[in-house]
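Below is one structure, written out as structure tokens, with a few remarks after it.
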Amino acid sequence: MKRIILALFILLALSCRRETQRSNEVIASVETKLASDPGDPAWQKLPEYLARLLTQDLVEPRLMNPSTAEVRVRAMTAAREIAFRLEWADPVQDDLPGAGRFADACAIQTPGRIDPNPPDPQMGQEGRSVEISYWRADWQAWVNGRPDDITALFPNASVDRYPFDATPLEKGSAEQLEFARRYAPSAALGNRREGPRENPVEDLIAEGPGTLSPAAKAVSRGKGVFGPEGWSVVIIRPLPDGLAPAVRSQIAFAIWEGSKEEAGARKMRSAWIPLAVKEGK
Amino acid sequence: MPTVYNWQLGRPMEYPYDAAYPRYQFAFVFNINRCIGCQTCTMACRSTWTFSSGQEHMWWNNVETKPYGGYPQFWDSKLLGLLDQANPDGQVWNNIKTDPRLKPYGVFEGKTIFEATHPAEAAPQNRVLGYLPTDREWRSPNIYEDTGTGATWKPGEYGKTAALPEHKIWFFYLQRICNHCTYPACLAACPRQAIYKRQEDGVVLIDQSRCRGYKKCVEACPYKKAMYRPTAKVSEKCVACYPRLEGRDEIITPDGEPIESRCMSACVGKIRLQGLIRKEYDGRWSNDPGNPLHYLIREEQVALPLYPQFGTEPNGFYIPPRWAPRAYLEQMFGPGVEQAIERYVCPSRELLAIMQLFRATRPVIFRYKILQGPKIFEREVTLPSGKKKTLEIFNDTIIGYSKNGREAVRVTVEEPTFERDKQHPNSI
């Protein structure tokens, strides 16, 4: 009897197991709602595109040694938004900020407008912009509840009192944060890289290498989870204008491996990949 | 790659950008012989600029004990090692033929950090030879404080180790801030062109709105004075206290005169003198004989650049310590060391007067005038070369003038003293 039960169980498990469907373009399946969590089972039924990555060896500073070889991509769309789940192998979680450290990161890039002849995949070109949604592991850690300051990273660290922590300013109050901001010149100038963050994704635009700049509005969001096999990151952004079933656009991906000191132009990147929207089954 | 002229190397040099020069250049002279390692400069800078969250490891001004100390640890040994790999025949100077204007120290025949290719295959970047310090290397800014070395010392020589011209057991303090280089490596390496050199004073700054924290400047700066701030996720660096240079502090400089940076103003040991050097359109120093820095660096050549072979044309100059081994000093300051020490040991009348200007006042001194006084002292001194020379000291008065020509300071060679009477030895 036990053997029969075991055989039935194996048969059931085999019938439930789905082979990963591979697609030859990134297909965003039309769904009723988006799965914002990378572990949501809704992702599993979607076709997967395997994006081969290339070294960025076109402009200085170049990356000459390949690191992350490929990124697995699934996509869905609902309510005028589009979501991508990027998964890639990474043995080490690099999410600690530090003078000599680099964070794991990924990004999706779309042309500024749908065009069968898209701009240069390497950050666009003059007058023909690209839109980029950029996710970072250390921003994700902040969103998850671990700030970047030294006492959060090193609980036994001893720090002299910062002027903006002085009484009567209440820690975390608007007055205290405003005071602290005075001593963070980049943040005071509108550079959005500093915490506190509620969103691990930054919206950027570019018209060629070296022109990357923050987008006028923050429109993307996302979430990344590190597991035994590496990172799984969902990035959600508005559906590009005009993208609909029967309309093709393009998308490109980039991965930064923190352990290999990758940042900025030093990254693994893809060429343009066709992006299509299809009604779900 | 464009070519620029580097007077410290005595030759043209490759640099990623075309030459562009400021009207004035922030520059300074540190007299290593006088430093007591009190770190008052370090704390003055710290309490002004780097006391915030994310800056705990950042010391724009630091004083390290040579030869072992370094912030970040072993910064110069590491870069010299890379340069040695790029220069298998050595970092050689040809100082047979010199020219006070164009090649005062002769000609550097090796490759600079802009000319050398990185010995590692698939190097992170090819514009500048450099390396990125680890987190750990930033953590101990004063490691090996007061630790001497005694490679030539032998047991039984105790008490006989401190004889000139070279002590057998020695160390010295090296005071460091950003050199606001004429050809900055940080600027050359930044892929976003977020680093710029100001036209008005040559100060090198990182545009905090443009920086995205790629750390290429940290990697490229041979002096490791660009630093990454982990909370801000951008890099920051010494700003030469530019609001003070601009004379924009209504309280301490109501007349708008440029005043020295905080680290200079706070120096207890009076080792520091800061200035603004007038430059010609082609980058040459203007002939400015009344400027104290011009005299110390270009005329008397008693102050020398720090690691000129790196090729950035640093604007920080040092009077080398007279007791340290010459080979070590020549590696650090170039071939002018022996002459600089000889001139410092037995200073000329003018040099001795100018030495009184160090940390004597807060305004930046643009011009000096010496009023001759009586001779007050004479003795025979032995130069490092073994030659004897008569040192004559005159109680001259030196007057320093600010940018607007106002008298900023007046000091004499002999410090005035007052002797209290016997009834009131301790009264005020």
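Everything numeric in this text was worked out from a predicted model, so none of it was measured. Quick note: numbers below take in every heavy atom, side chains included, and nothing from hydrogens, waters or symmetry partners. Each chain gets a letter, A, B and so on, in the order the sequences are listed, and its residues count up from 1.
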Heavy atoms only: give me the nearest [X]-[Y] pair and the separation to one decimal.
X: B:Cys211; Y: A:Asn191; result: O-ND2, 2.9 Å
X: B:Thr231; Y: A:Asp148; result: CG2-O, 3.9 Å
X: B:Ser53; Y: A:Tyr162; result: N-CE2, 3.6 Å
X: A:Arg193; Y: B:Gly213; result: NE-N, 4.5 Å

Segment of B:Val234 engaging chain A (4.5 angstrom heavy-atom cut-off):
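Just its side chain gets close to chain A.
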With sequence neighbours left out, write down each residue that passes salt bridge (Lys or Arg N to Asp or Glu O under 4.0 Å) with B:Glu236, or none if nothing qualifies.
B:Arg229
Roughly how far apart are B:Arg192 CZ and A:Ser213 OG, rounded to 0.5 Å?
7.5 Å
Value rounded to 0.5 Å, distance of CD in B:Gln55 from CD1 in A:Ile150:
11.5 Å
Between A:Glu202 and B:Arg212, does the salt bridge (Lys or Arg N to Asp or Glu O under 4.0 Å) criterion hold? Intermediate values first, please.
CA-CA 12 Å; A:Glu202 183 184 24; B:Arg212 287 187 62 81; 3.0 Å; yes
Side chain, backbone, both or neither: which part of [X] has an atom under 4.5 Å from a heavy atom of chain B?
X: A:Asp57; result: neither
X: A:Leu212; result: both
X: A:Arg192; result: neither
X: A:Trp139; result: side chain
X: A:Ala187; result: neither

Who among A:Pro163, A:Ala265, A:Ala188 has the most heavy-atom pairs with chain B under 4.5 Å?
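Among the listed options, the one with the most contacts to chain B is A:Pro163.
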[X] atom [atom1]: more than 12 heavy-atom contacts under 6.0 Å:
X: A:Arg113; atom1: CZ; result: no
X: B:Lys78; atom1: NZ; result: yes
X: A:Lys223; atom1: NZ; result: no
X: B:Arg139; atom1: CZ; result: yes

Contacts of B:Tyr68 that satisfy side-chain contact (heavy atoms from CB on, under 4.5 Å) - sequence neighbours left out
B:Tyr144, B:Thr147, B:Thr149
Taken in chain and number order and not counting sequence neighbours, the residues that satisfy side-chain contact (heavy atoms from CB on, under 4.5 Å) with B:Arg198 are B:Tyr196, B:Glu200, B:Asp201, B:Val203, B:Leu205, B:Tyr242, B:Glu246
Using a cut-off of under 4.5 Å for heavy-atom pairs, which of [options] has the most such pairs with chain A?
options: B:Cys190, B:Pro191, B:Ser235, B:Pro72; value: B:Pro191
options: B:Leu132, B:Thr134, B:Val218; value: B:Leu132
options: B:Ala232, B:Gly54, B:Ala194, B:Pro230; value: B:Ala232

Are there residues of residues 97-108 of chain A that reach to under 4.5 Å of chain B by heavy atoms, and which ones?
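Result: A:Pro97, A:Gly98, A:Ala99, A:Gly100, A:Arg101, A:Phe102.
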